[in-house]
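Inspection log for the structure reproduced underneath, given as structure tokens.
Worth saying up front: this structure is predicted, and the values here are computed from it rather than measured.
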Amino acid sequence: MMTSRPSIAFARFAVPKKGSVFVLAANDGGLGDAAKACDPAKTLERAFPVADFSGKFAGLVEVLAPEGTSLDRLVAVGAGKVSGLDDYAWLKLGGTIAASLRKATEVAVMLDLPGADVGGRQAAKLAAGILLRSYAFDKYKTKKDNGDGQRDGNKAEPKKPVKVTIHTADPAAAKKAFADEVAVIDGVLLARDLVNEPANILGPVEFAARVNELEALGVAVEILVEKDMKKLGMGALLGVAQGSPRGARLAVMRWNGGKAKDSPIAFVGKGVTFDTGGNSIKTASGMEDMKGDMGGAAAVTGLMHALAARKAKANVVGIIGLVENAVDGHAQRPGDIVTSMSGQTIEVLNTDAEGRLVLADALWYCSDRFQPKFMVNLATLTGATMVALGQHYAGLFSNNDELANRLTSAGQATQERVWRMPLGTEYDKLIDSKNADMKNIGGRYGGAIIAAQFLQRFVRDTPWAHLDIAGTAMGAPSSEINQSWASGFGVRLLDRLVRDNYEE
């Protein structure tokens with residue numbers, strides 16, 4: 001990417017001699033001792049009432065060339081009520097600072113706050129927020145912005161990375177916590193990159209090549225090609241891919257950080273690198289967004305990166321089914337009947353309900369080969385989930401209350417939130433078929449639930465959860481920590497699930 005990533009360092013409190021300085025202000029506008037030391041002329045104290053600044057969360061007051069210093073800028077960032085500063089709040093504060101960096105090349109952040117215990121963990125979270133907000137996918141922009149929204153004819157050069165030094169009481173603890181945190185952030189940014197890539201650049205084969213790069217972190221990777229999947233009987237997955245000349249892949253990632261004899265936990269992702277809808281073709285409006293129909297596979301890949309990079313003490317399997325759902329004379333037709341790896345037959349009434357076909361074989365393969373403690377699958381599966389939940393929650397469906405509760409708790413902690421939806425025999429009957437064991441769509445209503453019922457037929461007795469991330473993985477509302485079309489949703493959520501519940 002042309003946008004440079006900020007460099008982050010940690011240091012003991014000291015008054016910077018140049019650059020931009022950010023300080024935190026409590027809800028009443030109170031400043032810590034380190035912040036006051038950077039403002040000997042008390043310019044912020046005079047500016048607060050003029051700007052009607054009270055320390056409200058994410059509020060800003062900026063003073064240029066502050067009196068009594070050689071600094072370029074002095075910026076106060078509202079931290080709100082100290083009691084409300086959880087992990088996500090520190091991420092957001094970091095994102096707020098990143099959004100205000102502008103053209104600064106040297107930045108200091110004074111991490112002290114009256115009444116707050118600000119340690120290494122908080123410093124690491126704030127730094128992570130800076131990295132998340134600084135992400136931009138602009139690698140294909142070749143012209144330089146001349147400042148008025150127009151592009152001139154000059155080649156755009158990479159911006160020099162801004163140096164951010166976070167001043168804190170315990171820089172060693174902050175550095176240690178940040179090393180763990182940055183592993184997860186790198187996983188999020190990898191997932192964003194994958195989702196943002198155009199489909200002509202990232203097809204199933206290219207995606208599989210990106211997965212192979214995880215071997216450098218110690219992840220064991222296997223890539224199954226069409227011949228392998230045909231031998232295994234994956235007729236559901238291969239049926240989706242048959243209209244594309246780009247082939248299909250099943251990527252298997254294994255991180256063995258736990259005890260050798262422990263059964264793994266497993267994550268499965270839908271990786272439709274572009275979805276035309278097949279012969280049940282989508283309307284042209286918005287079809288370009290279907291380059292992101294592999295958001296589930298991207299999240300699983302990013303998660304495996306995060307777990308390996310931070311040396312998670314767990315045995316974890318990641319499996320992604322990679323296909324392109326295209327239209328040509330070989331493409332699957334409505335009414336076709338395919339045989340899945342499980343032996344169950346599926347009448348394909350709508351070729352645009354293809355993600356569940358890919359996941360059917362991927363889930364069965366995962367359960368059959370690895371016999372995991374549980375499986376969680378992620379998929380940009382249905383627009384119906386967005387109708388029900390909008391774009392702030394992912395739909396959660398599960399056959400196991402403990403797993404569902406743990407996912408909900410992890411979602412609250414990371415603010416990658418999930419909302420549990422129902423499953424039941426009444427819905428399951430809607431996918432019974434007269435011509436095969438099941439059909440891949442039901443009626444008009446309850447589309448997200450029907451899709452989940454379909455997937456449940458391929459998990460047997462394994463504890464399982466399905467996350468429908470159609471509204472959260474791409475095109476989700478901008479936030480303090482993400483301005484990108486791709487959010488990387490699922491990486492932080494599932495890393496937290498593993499961290500809190502499944503590591504030794």
Side-chain angles (χ1 to χ4, degrees), residues 1-12 14 16-23 38 60 62 64 70-75 77 90-111 120 123-147 151 154-168 171 174-194 196-197 213 216-217 302 305-306 309-310 478-488 491:
M1 288 182 293
M2 294 188 319
T3 299
S4 299
R5 171 176 172 144
S7 68
I8 306 285
F10 300 92
R12 294 194 177 277
K17 294 181 180 179
K18 60 180 180 177
S20 299
V21 173
F22 287 79
V23 301
C38 296
L60 290 170
E62 178 182 40
L64 300 178
S70 55
L71 299 175
D72 298 329
R73 292 192 299 153
L74 184 58
V75 185
V77 181
W90 285 107
L91 276 180
K92 290 196 292 183
L93 284 173
T96 301
I97 290 170
S100 304
L101 292 178
R102 299 184 187 171
K103 295 183 179 180
T105 56
E106 288 193 41
V107 171
V109 180
M110 297 294 135
L111 209 55
K125 289 291 181 184
L126 182 132
I130 291 173
L131 293 182
L132 286 170
R133 177 60 180 261
S134 298
Y135 173 88
F137 189 78
D138 54 6
K139 64 187 284 189
Y140 296 108
K141 290 186 177 181
T142 62
K143 305 299 181 186
K144 188 168 64 175
D145 193 326
N146 63 19
R151 300 241 161 210
N154 296 318
K155 185 177 180 181
E157 297 295 334
K159 223 176 116 182
K160 287 186 180 179
V162 56
K163 296 179 181 178
V164 179
T165 302
I166 299 173
H167 293 249
T168 179
K175 186 176 180 180
K176 183 178 180 182
F178 184 60
D180 198 46
E181 198 70 34
V182 82
V184 181
I185 299 311
D186 285 343
V188 174
L189 302 189
L190 171 59
R192 288 182 185 175
D193 276 349
L194 290 168
N196 279 325
E197 282 285 2
E213 294 174 8
L217 293 172
H305 182 288
R310 69 172 182 81
S478 297
S479 71
E480 291 90 345
I481 61 171
N482 183 45
Q483 297 292 302
S484 165
W485 180 74
S487 67
V491 177

Check: Leu132 main-chain N/O paired with Arg192 side-chain donor or acceptor under 3.5 Å: yes
Working to the nearest 0.5 Å, report the span between CG of Leu74 and CD of Glu62. 9.5 Å
Quick one: pull up SG in Cys38 and CZ in Phe22 and give me the separation to the nearest 0.5 Å. 12.5 Å
Kindly compute the distance separating CD1 (Ile97) from OG (Ser20), expressed to the nearest 0.5 Å. 11.5 Å
Taken to the nearest 0.5 Å, the spacing of Lys163 NZ from Ser7 OG works out to 6.5 Å
For Arg73 and Leu64, indicate whether the former's side chain and the latter's backbone hold a donor-acceptor pair under 3.5 Å. no
Within the structure provided, determine whether Tyr140 and Asn196 are in side-chain contact (heavy-atom separation under 4.5 Å). no
Reported OG-to-CD1 distance for the pair Ser134 and Ile481, which is rounded to 0.5 angstrom: 12.0 Å
Under 3.5 Å, side chain of His167 to main-chain N/O of Arg12, donor-acceptor pair present? yes
Ser70 side chain vs Lys17 backbone, donor-acceptor pair below 3.5 Å: yes
Any side-chain heavy atom of Met110 sitting closer than 4.5 Å to one from Pro16? yes
Of Ile8, Ile185, Leu93, which meets side-chain contact (heavy atoms from CB on, under 4.5 Å) against Ile130? Ile8
Does a side-chain heavy-atom distance below 4.5 Å link Val77 with Leu60? yes
Going by side-chain hydrogen bond (donor to acceptor under 3.5 Å, both in side chains), Asp186 matches just one of Arg310, His305, Arg5. Which one? Arg5
Donor-acceptor pair, distance only, cut-off 3.5 Å: does the side chain of Arg133 make one with the backbone of Leu91? no
If you measure from OG1 on Thr96 to CG on Leu126, what distance do you get to the nearest 0.5 Å? 9.0 Å
